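Structure, as structure tokens:
Note: hydrogens, waters and symmetry copies are ignored here, and every other heavy atom, side chains too, is used. What you see is a predicted model, and the numbers here were worked out from it, not measured in a lab.
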Amino acid sequence: MSSNGYTPNMTGPQPSNLITAGTAVLNTSTTASAANAARKSITIQNQSTNVLYIALGATASATVFHFSLKACTATKDGTGGEVKVEDYTGLVSAHGTGKSYTVAEFV
């Protein structure tokens with residue numbers, strides 16, 4: 001019971017947009033996220049001091065991409081560009097010099 005006398009019902013419905021286990025981690029691979037039919041949205045943030053290129057359903061490169069995410073001022077300082085994509089369940093790939101990014105996938 002809380003100090004105001006209210007005890008929340010923790011056995012009721014839970015949020016439907018729970019993050020998938022282990023996806024909000026620093027990543028350096030070219031596949032940012034494998035296809036996932038249950039995905040509702042995905043957020044990617046650049047943690048590198050170089051531009052990061054993101055492609056949906058293709059192998060990302062400096063010339064083949066859907067989003068270019070700005071570089072951080074300093075590595076992992078949280079100022080890198082980010083993108084949130086909703087209602088896309090396919091493969092997401094990344095390309096950049098010294099790839100370093102975080103991925104949060106919601107299902």
- Item | Stepwise side chain to side chain contact (heavy atoms under 4.5 Å, CB included) test for Val83 and Leu69 | CA-CA 8 Å; Val83 63; Leu69 305 183; 4.0 Å; yes
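- A donor-acceptor contact shorter than 3.5 Å is absent between the side chain of Asn46 and the backbone of Tyr101.
- Proximity of a side-chain donor or acceptor of Ser93 to a complementary backbone N or O of Ala58 within less than 3.5 Å is detected.
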- Query: So Ile54 and Val92, side chain to side chain contact (heavy atoms under 4.5 Å, CB included) or not? Walk me through it.
  - Reply: CA-CA 7 Å; Ile54 302 296; Val92 180; 3.7 Å; yes
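- Each salt bridge (charged side-chain N to carboxylate O under 4.0 Å, His left out) pair with one or both residues in residues 57-66, not counting sequence neighbours, would appear here, but there are none.
- Within the structure, every pair that satisfies the salt bridge (charged side-chain N to carboxylate O under 4.0 Å, His left out) test and touches residues 85-95, not counting sequence neighbours, is listed here: Lys84-Glu86.
- Residue Leu56 is grouped with residue Leu52 when hydrophobic side chains (ILVMFWY) are merged at heavy-atom distances under 4.5 angstrom, including chains of intermediate members.
- The hydrophobic cluster containing Leu91, built from Ile/Leu/Val/Met/Phe/Trp/Tyr side-chain heavy atoms closer than 4.5 Å, comprises no other residue.
- Pairing each heavy atom of Thr49 with each of Ala74, the nearest pair is CG2-C, 3.8 Å.
- Annotation for Ala62 and His95: closest pair N-CD2, 3.4 Å, computed over non-hydrogen atoms.
- Each ring-ring contact (aromatic ring centres under 6.0 Å, His included) pair with one or both residues in residues 44-94, not counting sequence neighbours, appears once here: Tyr53-Phe65.
- Qualifying side-chain contact (heavy atoms from CB on, under 4.5 Å) partners for Lys70, counting only residues two or more places apart in sequence or in other chains: none.
- For Ala38, the side-chain contact (heavy atoms from CB on, under 4.5 Å) partners are Asn36, Val107, not counting sequence neighbours.
- Rounded to the nearest 0.5 angstrom, Ser48 OG and Lys76 NZ are separated by 10.0 Å.
- Closest of all the heavy-atom pairs between Lys99 and Ala94 is CD-O, 3.7 Å.
- Summarising the geometry of Glu105 relative to Ala34, their closest heavy-atom pair is OE2-O, 4.2 Å, with the distance given to 0.1 Å.
- Residues satisfying the side-chain contact (heavy atoms from CB on, under 4.5 Å) test with Thr59, not counting sequence neighbours, are none.
- One N or O on the side chain of Thr79 and one on the backbone of Thr73 form a donor-acceptor pair closer than 3.5 Å.
- Scanning for side-chain hydrogen bond (donor to acceptor under 3.5 Å, both in side chains) contacts around Gln45 gives Gln47, with sequence neighbours left out.
- By the side-chain contact (heavy atoms from CB on, under 4.5 Å) test, Ser61 pairs with Thr63, Val64, sequence neighbours left out.
- Of the possible donor and acceptor atoms, none in the side chain of Ser41 sits under 3.5 Å from a partner among the backbone N and O of Val85.
- Residues satisfying the side-chain hydrogen bond (donor to acceptor under 3.5 Å, both in side chains) criterion with Thr89, sequence neighbours excluded, are absent altogether.
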- Item | side chain to side chain contact (heavy atoms under 4.5 Å, CB included) assessment of Thr43 paired with Glu82 | CA-CA 7 Å; Thr43 301; Glu82 69 178 66; 4.1 Å; yes
